[in-house]
There are 2 protein chains.
Amino acid sequence: MRRDIFQAIADPTRRAIIALIALQAMTPNAIAEQFDTTRQAVSKHLRILTECELVTQKQQGREIYYQLQVNKMKEIDKWLNQFRKIWEDRFDNLDKYLAKIQANAKNKK
Amino acid sequence: MRRDIFQAIADPTRRAIIALIALQAMTPNAIAEQFDTTRQAVSKHLRILTECELVTQKQQGREIYYQLQVNKMKEIDKWLNQFRKIWEDRFDNLDKYLAKIQANAKNKK
DNA sequence: ATTTTGCGCAACCATTTGATTGCACAAATA
DNA sequence: TATTTGTGCAATCAAATGGTTGCGCAAAAT
């Protein structure tokens with residue numbers, strides 16, 4: 001069953017793979033060398049990441065380079081936006097509250 | 001086994017619960033009313049969200065109010081930051097490239 | 001005091017998941 | 001041409017997952 005991007009990044013190994021190929025595309029073997037797991041396991045993870053378009057593959061001969069699609073990560077950012085507004089509002093409200101308290105303290109001196 | 005925040009938001013139902021209680025704390029029954037699932041299923045999800053500190057609970061009599069801890073969402077934002085820098089760099093580079101092309105086009109006219 | 005309501009927990013179940021092993025195919029190398 | 005290397009896929013397995021049902025306890029309502 002095809003997974004969404006949140007399910008894709010739920011697994012720690014896949015998150016590590018994403019971080020690994022963020023700056024430079026890598027092949028399955030090169031990626032597997034960085035993990036204590038089989039190449040087939042890495043291949044499985046890459047398939048999941050490819051399915052939800054987090055990653056694209058470019059074949060060069062028998063080697064396949066997997067590249068991170070950072071723009072796809074924006075989908076997570078977009079989902080976070082609805083909460084970012086809330087924690088920013090709370091921070092702003094806290095700021096205002098603190099400023100008010102300081103003003104009152106000065107007036108009382 | 002205790003889950004991390006990424007595993008917590010991997011499930012669509014839990015993401016929906018998070019969005020639901022983002023602005024206002026709600027009780028399990030109130031939350032369950034918004035879903036086509038049992039109250040016990042919702043209770044299970046709330047336990048997972050509580051375990052990874054995405055949510056806190058405040059008991060009032062026999063009712064329990066579950067509140068979203070938006071500050072905990074920053075953990076996801078923090079993880080995204082390493083990629084945000086990349087997609088911003090690429091955007092900047094694209095901007096520069098486009099500007100260069102436009103300048104060249106004007107010079108040739 | 002009794003009944004109703006809110007709610008978590010355990011047991012159960014079907015499904016999904018993540019890793020391994022084995023295999024097969026294509027490209028690169030000797 | 002033969003061998004090696006890169007790689008995906010299928011089968012298998014144990015563990016995890018998400019939902020349901022049933023139960024029990026505490027608080028609220030009657």
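Values reported hereafter were calculated over all heavy atoms of this structure, with side chains retained and with hydrogens, waters and symmetry mates removed. Letters A, B, ... are given to chains in the order of the sequence lines, protein chains preceding strands, and every chain is numbered from 1. Small disclaimer: the values here were computed from a predicted structure and weren't measured.
Counting non-hydrogen atoms under 4.0 angstrom, Thr38(B) reaches a base of the nucleic acid. At a threshold of 4.0 angstrom between heavy atoms, the contacts of Arg39(B) include nucleobase atoms, whether or not backbone atoms are also involved. Residue contacts shown for Tyr66(B) are limited to sugar-phosphate atoms, with no base heavy atom under 4.0 Å away.
As rounded to whole Å, 17 Å separates atom P of dT15(C) from atom CZ of Arg3(A). In this structure, Ile64(B) atom CD1 and dT5(C) atom C1' are separated by 13 Å, rounded to whole Å. Separating the CG atom of Asn29(A) from the C1' atom of dT4(D) is a distance of 13 Å, rounded to the nearest angstrom. Nucleotide dA16(D) holds its C1' atom 17 Å from the CZ atom of Arg2(B), rounded to whole Å. Separating the CD1 atom of Ile31(A) from the P atom of dG8(D) is a distance of 9 Å, rounded to the nearest angstrom. Atom CD of Gln60(B) is separated from atom C1' of dT5(C) by 16 Å (rounded to the nearest Å). Atoms CD (Glu63(B)) and P (dC25(D)) sit 21 Å apart, rounded to a whole Å. Across the protein-nucleic acid pair, Ile9(A) atom CD1 and dG18(C) atom P stand 13 Å apart, rounded to whole Å.
Although no hydrogens or angles enter the test, the distance criterion places a donor-acceptor pair under 3.5 Å between the side chain of Gln59(B) and the main chain of Gly61(B). Listed for the Arg14(B) side chain is a donor-acceptor partner under 3.5 Å among the backbone atoms of Ala8(B). No donor-acceptor pair under 3.5 Å is formed between the side chain of Arg3(B) and the backbone N or O of Ile9(B).
Of the candidates dG18(C), dC9(C), dG19(D), dC9(C) carries the atom nearest the Arg47(B) side chain, counting heavy atoms from C-beta on.
Between Thr13(B) and dG19(D), a side-chain N or O to OP1/OP2 separation shorter than 4.0 Å is present. At dG6(D), none of the side-chain N or O atoms of Thr27(A) fall inside 4.0 Å of OP1 or OP2 (strictly under the cut-off). Remark: His45(A) is in phosphate contact with dA19(C), judged by side-chain N or O atoms under 4.0 Å from OP1 or OP2.
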* Could you go through the side chain to side chain contact (heavy atoms under 4.5 Å, CB included) check for Arg47(A) and Thr50(A) one step at a time? => CA-CA 5 Å; Arg47(A) 186 169 66 184; Thr50(A) 304; 5.5 Å; no

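Between atom NZ of residue Lys44(B) and atom OG1 of residue Thr38(B) there is a gap of 9.0 Å, rounded to the nearest 0.5 Å.
For Lys44(B) and dG8(C), a side-chain-to-base donor-acceptor distance below 3.5 Å is absent, hydrogens and geometry of angles not being considered. With hydrogens and angles left out, the side chain of Gln40(B) and the base of dG22(D) share a donor-acceptor pair within 3.5 Å.
Along DNA chain C, the nucleotide closest to Thr37(A) and the one closest to Arg62(A) are compared, and the more 5′ of them pairs with Thr37(A).
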